[in-house]
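Working notes for the structure below.
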Amino acid sequence: MNSILKVDKEVEIAYINILSSSLTGRIIKTEELEENTDFQFDLDEQDRVRGIEIFGDTFEILKDMLEIIKFELKGEKCYWGKEKSSVTHDIFYNGIELHFGNNDYTNFIGLTIIDMEKYPFTYLNEENNNYA
């Protein structure tokens with residue numbers, strides 16, 4: 001089972017869980033990404049992204065990403081998504097970098113957690129990570 005990505009095909013919405021529910025905090029606001037309004041970020045009291053709601057055309061891309069079930073530690077950062085090409089078009093948002101395959105930010109590839117203090121590895125999809 002995928003604890004990171006949830007897809008509801010009936011209402012055509014996807015949700016990427018960034019932080020485990022075991023980390024205390026509650027969502028206090030939602031912000032829309034200016035560059036691609038398919039993305040809405042749920043933020044907690046400490047201004048951390050708890051999860052990302054995804055609609056529209058990007059929802060169609062995410063339906064094919066259900067097999068990606070964990071964040072991978074890559075150096076001092078964590079990555080979740082499809083295999084990245086060497087060139088991506090990136091948007092930095094609140095300690096997270098979103099990767100796209102084109103410069104109009106419509107072909108979502110994945111995301112990298114940049115700020116590991118704000119988003120500790122132990123709280124990223126806690127149920128599925130391999131800590132070894």
Practice task
Please state whether the rings of W80 and F71 are parallel, tilted or perpendicular, taking 30° and 60° as the class boundaries.
Solution key: tilted

Handout entry: Backbone of V49 reached by a side-chain donor or acceptor of Y119 within 3.5 Å
Key = yes

Exercise for the section: Kindly say whether the aromatic ring centers of F39 and F100 come within a distance under 6.0 Å. Expected result: yes

Exercise for the section: Show the numbers, then the answer: is there a side chain to side chain contact (heavy atoms under 4.5 Å, CB included) between D42 and E53? Expected result: CA-CA 8 Å; D42 289 336; E53 299 172 14; 3.2 Å; yes

Problem - Candidate list L62, N36, D38, test side chain to side chain contact (heavy atoms under 4.5 Å, CB included), partner F108, passing option - result: L62

Exercise for the section: Determine whether more than 12 heavy atoms belonging to other residues, nucleotides or ligands lie under 6.0 Å from atom NZ of K77. Expected result: no

Practice task
In sequence, state the C-alpha distance, the side-chain angles, and the governing distance for M65 and V7, and then conclude on side chain to side chain contact (heavy atoms under 4.5 Å, CB included).
Solution key: CA-CA 10 Å; M65 296 174 74; V7 172; over 6 Å; no

Handout entry: Short N-O contact, K9 and E12, less than 4.0 angstrom
Key = no

Practice task
Quick one: closest heavy-atom pair of A14 and F59, and the distance?
Solution key: N-CD1, 3.7 Å

Exercise for the section: Using the rule that two of Ile, Leu, Val, Met, Phe, Trp, Tyr join whenever any of their side-chain heavy atoms come within less than 4.5 Å, decide whether M116 and I114 are in one cluster. Expected result: no

Problem - Y79 with I68, same ILVMFWY side-chain cluster at under 4.5 Å - result: no

Handout entry: Approximate separation, where rounding is to 0.5 Å, of K29 NZ and L43 CG
Key = 5.5 Å

Completion exercise
Checking E31, R48, K118 against N94 for side-chain hydrogen bond (donor to acceptor under 3.5 Å, both in side chains), the one that qualifies is K118

Exercise for the section: Enter the distance from L98:CG to H89:NE2 here, rounded to the nearest 0.5 Å. Expected result: 14.0 Å

Handout entry: Where S3 and N17 come nearest, the two heavy atoms and their spacing
Key = O-ND2, 3.0 Å

Exercise for the section: Heavy atoms only: give me the nearest I91-E35 pair and the separation to one decimal. Expected result: CD1-CB, 3.4 Å

Practice task
Drop me the distance from E34's CD to Y105's OH, to the nearest 0.5 angstrom.
Solution key: 11.5 Å

Exercise for the section: Might you confirm whether atom CG of N102 has over 12 heavy atoms from other residues, nucleotides or ligands at distances under 6.0 Å? Expected result: yes

Practice task
With side chain to side chain contact (heavy atoms under 4.5 Å, CB included) as the test, would you mind laying out the steps for I113 and I18 before giving the verdict?
Solution key: CA-CA 9 Å; I113 304 296; I18 302 295; 4.0 Å; yes

Problem - D8 and Y15: side chain donor to acceptor below 3.5 Å - result: no

Problem - Spacing of L33 atom CG and I52 atom CD1 [to the nearest 0.5 Å] - result: 9.0 Å

Handout entry: I16-Y93 co-clustered via ILVMFWY side chain contacts under 4.5 Å
Key = yes

Handout entry: Atom pair CG (N107) and OG1 (T88), whose distance is rounded to the nearest 0.5 Å
Key = 11.0 Å

Exercise for the section: I would like to know whether I27 and D44 meet side chain to side chain contact (heavy atoms under 4.5 Å, CB included); could you show each step before the answer? Expected result: CA-CA 4 Å; I27 296 168; D44 69 11; 5.5 Å; no

Problem - Side-chain donor-acceptor contact under 3.5 Å, D90 with H99 - result: yes

Practice task
Is it possible for you to say whether I4 and L66 belong to one hydrophobic cluster, with membership spreading through side-chain heavy-atom contacts below 4.5 Å?
Solution key: yes

Practice task
Would you give the length of the straight line joining atom CG of L73 to atom NZ of K70, rounded to the nearest 0.5 angstrom?
Solution key: 10.5 Å

Problem - Shared hydrophobic cluster for I109 and I69 (ILVMFWY, side-chain gaps under 4.5 Å) - result: no

